[in-house]
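All values reported here derive from a predicted model rather than from experimental measurement. Numbers restart at 1 for each chain; the letters A, B, ... are given by sequence-line order, proteins then strands.
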Number of protein chains: 2
Amino acid sequence: MTTRARRSQQDRTKATTDALLSTARGLFVEQGFAGTSLGAICERAGVTRGAFYHHFSNKEQIFREVYTAEQQALVAVVRRAFRAQDDPWDGVIAGGRTLLESSLEPAVRKITLVEAPVALDWNAMRGIHAGCKEQLRTGLTIAVEAGCIPARPLAPLTSLLYGAICESALDLAHAADERATLRDTLSQLELLLIGAAGRQTPGCAHRS
Amino acid sequence: MTTRARRSQQDRTKATTDALLSTARGLFVEQGFAGTSLGAICERAGVTRGAFYHHFSNKEQIFREVYTAEQQALVAVVRRAFRAQDDPWDGVIAGGRTLLESSLEPAVRKITLVEAPVALDWNAMRGIHAGCKEQLRTGLTIAVEAGCIPARPLAPLTSLLYGAICESALDLAHAADERATLRDTLSQLELLLIGAAGRQTPGCAHRS
DNA sequence: GAGAAACATACAGACAGCATGCATCTCAGC
DNA sequence: GCTGAGATGCATGCTGTCTGTATGTTTCTC
């Protein structure tokens with residue numbers, strides 16, 4: 001028996017799963033899902049593969065948990081930006097802007113935009129409810145209900161806008177001048193949104 | 001010596017590489033890049049792994065060749081749609097529409113949109129010149145030069161529009177009513193393009 | 001101290017890539 | 001036209017690594 005402090009089972013579990021999750025996140029960002037071995041995760045986390053398989057069913061599951069945490073954090077930020085605006089349509093614009101800016105973080109970009117679509121299949125991603133795309137759609141729905149923009153097929157519009165933002169975030173990773181490109185991207189995004197609104201956005205400050 | 005027909009080395013090479021490429025394409029579509037083993041490709045192609053490694057340096061390379069062929073075919077279709085219009089801006093609209101419609105093909109979608117970003121890194125994809133994104137940008141450049149739309153930061157705008165189209169193509173794969181959703185997506189895409197044009201698109205039929 | 005939970009170790013099957021050897025083709029020189 | 005040496009196409013076996021499982025050992029809980 002070493003001098004190791006006695007810990008409750010809960011504490012032990014939390015310590016090892018936290019260590020595994022955070023090192024896994026780091027490695028997934030650095031080397032991608034396929035490029036990261038369980039051995040590497042465990043070694044860096046200071047546990048054995050036996051411990052890993054005690055807490056996670058397989059490699060996909062730990063990625064799913066990392067991804068879910070990432071999504072929830074993102075959604076929280078975007079939702080806050082949306083709610084900070086009085087006009088729902090301004091909220092959509094602010095949310096889109098915030099999503100784009102948040103996606104500049106390399107870790108967010110790599111995990112949520114690049115690796116997730118392959119590591120998880122479409123249904124698994126769909127299952128992680130309340131993703132950013134869903135949030136965007138909710139914003140659009142509220143904007144329509146409030147009469148800010150005419151009724152539209154919102155599912156297709158959501159995909160278009162979400163895709164526009166995500167692809168831009170990926171591209172920004174390789175831009176020579178990130179600040180300037182971000183500024184230009186935001187200006188062009190607003191143009192597209194004006195098109196989506198089908199008006200010059202005079203404002204309509206009723207909240208639902 | 002069996003009754004096997006004598007073949008030139010060129011013929012032999014072409015036969016095996018063609019077999020490998022086409023079966024690889026099929027398996028990549030069905031099971032993805034990581035989910036496809038070289039053994040499976042070779043078995044289905046009727047050759048051994050030795051033959052594979054004689055013609056390709058590794059698994060990534062055969063994917064790259066499959067992807068390149070896919071891209072070239074897509075670009076050709078999009079370019080044709082663009083050139084069929086007199087007005088460059090109409091060409092951009094037609095090109096976007098064609099790209100979206102082409103991406104409905106499950107094989108195209110899976111290989112170019114889902115697997116490629118992970119199997120190949122960003123630089124490898126960038127290296128395969130004359131991709132669809134580049135084609136879109138060229139169209140926008142011509143439209144600006146022809147005076148159809150005001151000068152704009154085209155790189156960000158290209159990313160936005162390209163991402164919008166690709167994400168929609170992915171989403172269409174899971175739509176309940178694909179035809180109706182495609183119709184709605186195209187109508188919303190045109191709204192965004194009107195926003196990008198910054199005008200009501202009265203037409204400007206000078207070609208460069 | 002018995003049972004459960006956390007963790008470690010040993011192992012099996014699959015896979016990518018390499019090395020080496022055999023089969024088939026090509027072509028110069030006769 | 002024939003031949004043999006070299007080049008090219010292809011097959012087989014091996015190695016290291018990886019995921020996932022089965023089973024053993026330690027640590028905690030009651």
OP1 or OP2 of C/dA6 versus the side-chain N and O atoms of A/T13: is any pair under 4.0 Å? yes
Under 4.0 Å, counting only non-hydrogen atoms across every strand here, what does B/T48 touch: a base, just sugar-phosphate, or nothing? base
Could you tell me the separation between the CG atom of B/L20 and the P atom of C/dA16, rounded to a whole number of Å? 13 Å
To the nearest 0.5 Å, what is the distance between OH (B/Y53) and NZ (B/K59)? 9.0 Å
Base, sugar-phosphate alone, or nothing: which one does B/T17 contact when heavy atoms must sit under 4.0 Å apart? nothing
Measure the distance from NE2 on A/H54 to P on D/dA22 and round it to the nearest whole Å. 16 Å
Under 4.0 Å between a side-chain N/O of B/T16 and OP1 or OP2 of D/dC10, yes or no? yes
Tell me if a side-chain donor or acceptor on B/T36 pairs with a main-chain N or O of B/L27 at a distance below 3.5 Å. yes
Rounded to whole Å, how long is the line connecting atom CG of B/N58 with atom P of D/dG16? 20 Å
Whole angstrom is fine here: how far is it from CG in A/D11 over to P in C/dA5? 17 Å
Rounded to the nearest angstrom, tell me the gap between atom CZ in A/F56 and atom C1' in D/dT21. 18 Å
Under 4.0 Å between a side-chain N or O of B/H55 and OP1 or OP2 of D/dC10? yes
Over how many whole Å does the gap from B/R49 atom CZ to C/dA14 atom P extend? 13 Å
Where does the angle between the aromatic ring planes of B/F28 and B/F63 fall among parallel (under 30°), tilted (30 to 60°) and perpendicular (over 60°)? perpendicular
Flag the pair B/K133 and A/D171 as a salt bridge only when some basic side-chain nitrogen lies within less than 4.0 angstrom of an acidic carboxylate oxygen. yes
Can you figure out which of D/dA11, D/dG9, D/dT19 approaches the side chain of B/A51 most closely? D/dA11
Under a 4.0 Å threshold between the charged nitrogen and the carboxylate oxygen, would A/E60 count as salt-bridged to A/R64? yes
Atom-pair distance (CZ on B/R12; P on D/dA11), nearest Å: 8 Å
Which part of the nucleic acid, if any, lies within reach of A/Y53 when heavy atoms closer than 4.0 Å are counted: base, sugar-phosphate only, or nothing? base
What is the separation between atom CD on A/Q61 and atom P on D/dG20, rounded to the nearest whole Å? 11 Å
